[in-house]
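These numbers come from a predicted model, not from an experiment.
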Number of protein chains: 2
Amino acid sequence: MKLGVSPDIIPSRGHEAKRVSIMDAASEVFCRESFAGANIDMIAAEAGVSRQTIYNHHGDKEKLFVAIVRDLTERCNAGIFATISTFPDQPKDLEADLIAFAVRMNRNCICNRDGKFLRKLIQTEGERYPELFAEWREQGPGRTWPAIAARFARLAHAGFLDIDDPDVAARQFLALANAELQTTFMLGGTPDEDEVLQSATHGVRTFLRAFGKRQPAANAGKQGALTNA
Amino acid sequence: MKLGVSPDIIPSRGHEAKRVSIMDAASEVFCRESFAGANIDMIAAEAGVSRQTIYNHHGDKEKLFVAIVRDLTERCNAGIFATISTFPDQPKDLEADLIAFAVRMNRNCICNRDGKFLRKLIQTEGERYPELFAEWREQGPGRTWPAIAARFARLAHAGFLDIDDPDVAARQFLALANAELQTTFMLGGTPDEDEVLQSATHGVRTFLRAFGKRQPAANAGKQGALTNA
DNA sequence: ACAAATTTAGACACTCTTGTCCAATTCGTC
DNA sequence: GACGAATTGGACAAGAGTGTCTAAATTTGT
């Protein structure tokens, strides 16, 4: 019933509409209740379809769950790569551009519905479905970290940063950008725009204090600007 | 019933032994299977007691769960405060001392059994038991972050660090120390000693590049040592 | 060794959930 | 409006899990 999830046309009625509606409701319920705690009637009610329709579409509870995870994994990875492609390779204002990138990363990949759901499902059910989440591991972290690291390496090579190990720097960059959101994430909350911006700003400032060029020569006053709140 | 409490002795048999055994098994099973997925027979089998004994001790499944969470929260907080008390207030070798502290923090509070279990239970069931985990939030993050921040503030005041906002610095310190363990945590794994040391080392080095005194005057060569791998 | 307390195994009633079947109804399309 | 496909709701059997009850066995304190 709502919009804005998939890039394709969303059928607002008919067979496909039910399918989408079921997937939406199932993600929600599986995340909220865990696999064992979720029941088909709940999902049916939330999706506004009859229980039988769910069985018609997906066969059984486990197949439905697998479909959900695959779907989320795919969409999340697409979102992450799309966001990585907006990495500031030729920054005009390094600090501002990195903050904006960190905010995009958080908003579009980590704090959004798909990101939140996938993260929770991995944490909750990851150990019980190793092969399913191994796929995520390879397609997700296994591919996205190197991609981000490559961007930082390029930025360093172009003289904007002073980085020894791009892989470590990439991990630390995101860790810093999220540092102040951890407690909220823990309890399944969604940080608001302000919190995301705050965390990203503080994180990027610290990142640049560590990896920024000591004296860019062009703007000597800049360094001072980084330290004041 | 009887004896004046002997606070220290751990009973290896008898009534109390069963109690401990049940708590251990229940933590394990609740974490692995989630509250809804766990069943009493599983816990009984894992604890080596009969199902009825569990009902005798704890009344019902939910009361058992609550007891587990309280127990874990209490022990974890104790561990965290004990570790905070080992913070290097008068460091001899700042980098080495902070790395050692970060490793202790990880080993004793985050990667150990209690930490891992509590984290997973909060992630999995936090939304369903708000009042229970609100307690954790107040006693845990609400008290430990300020405590750590105060230590960093003191270190800065003593001239070892150059910190604007101790709260932010404290959060970033731990975020950096854990940066390379996130993926492992996600799937419920336990990082080995090497990974913990690696992550802490890289994290502390970055932290000091950001917050270390630029030129401590006394040891000019030190700064160089921080930057090489 | 005796008495009290605790533990045990099994049976049990009850509830909840899954997944199937089916007849009636609605929907999409021509 | 008519036809085929999809959806619905309700009944249903089978299975699993909770929590209770009991009588017998075991452990504990003295």
Salt bridge or not between [X] and [Y]? Use side-chain N to carboxylate O under 4.0 Å.
{"X": "A/Glu138", "Y": "A/Arg143", "value": "no"}
{"X": "B/Arg119", "Y": "B/Asp114", "value": "no"}
{"X": "B/Lys120", "Y": "A/Glu127", "value": "yes"}
{"X": "B/Arg113", "Y": "B/Asp24", "value": "yes"}
{"X": "B/Asp97", "Y": "B/Lys92", "value": "no"}
{"X": "B/Glu131", "Y": "B/Arg137", "value": "no"}

Annotated protein contacts, base or backbone, on nucleotides 12-24 of chain D with a non-hydrogen cut-off under 4.0 Å, one of B, S, - each: -----SSBBB---
A/Arg128 charged N/C atom sitting above A/Phe35 aromatic ring, 6.0 Å / 45°: no
Respond yes when some side-chain nitrogen or oxygen of [X] is under 4.0 Å from OP1 or OP2 of [N], and no when none is.
{"X": "B/Thr53", "N": "C/dT7", "value": "no"}
{"X": "B/His15", "N": "C/dA5", "value": "no"}
{"X": "B/Lys18", "N": "C/dT8", "value": "yes"}

Euclidean distance, A/Leu174 CG relative to A/Asn106 CG, rounded to 0.5 Å: 7.5 Å
Distance, rounded to the nearest Å, where A/Asn56 contributes CG and D/dG9 contributes P: 13 Å
Integer-rounded Å distance: C/dT20 P and A/Ile54 CD1: 14 Å
Which nucleotide in C/dT6, D/dT8, D/dT7 has an atom nearest any side-chain atom of A/His57: D/dT7
Global bending angle along the helix from C/dA1-D/dT30 to C/dC30-D/dG1, which compares the axes of five pairs at either end, to 10 degrees: 50°
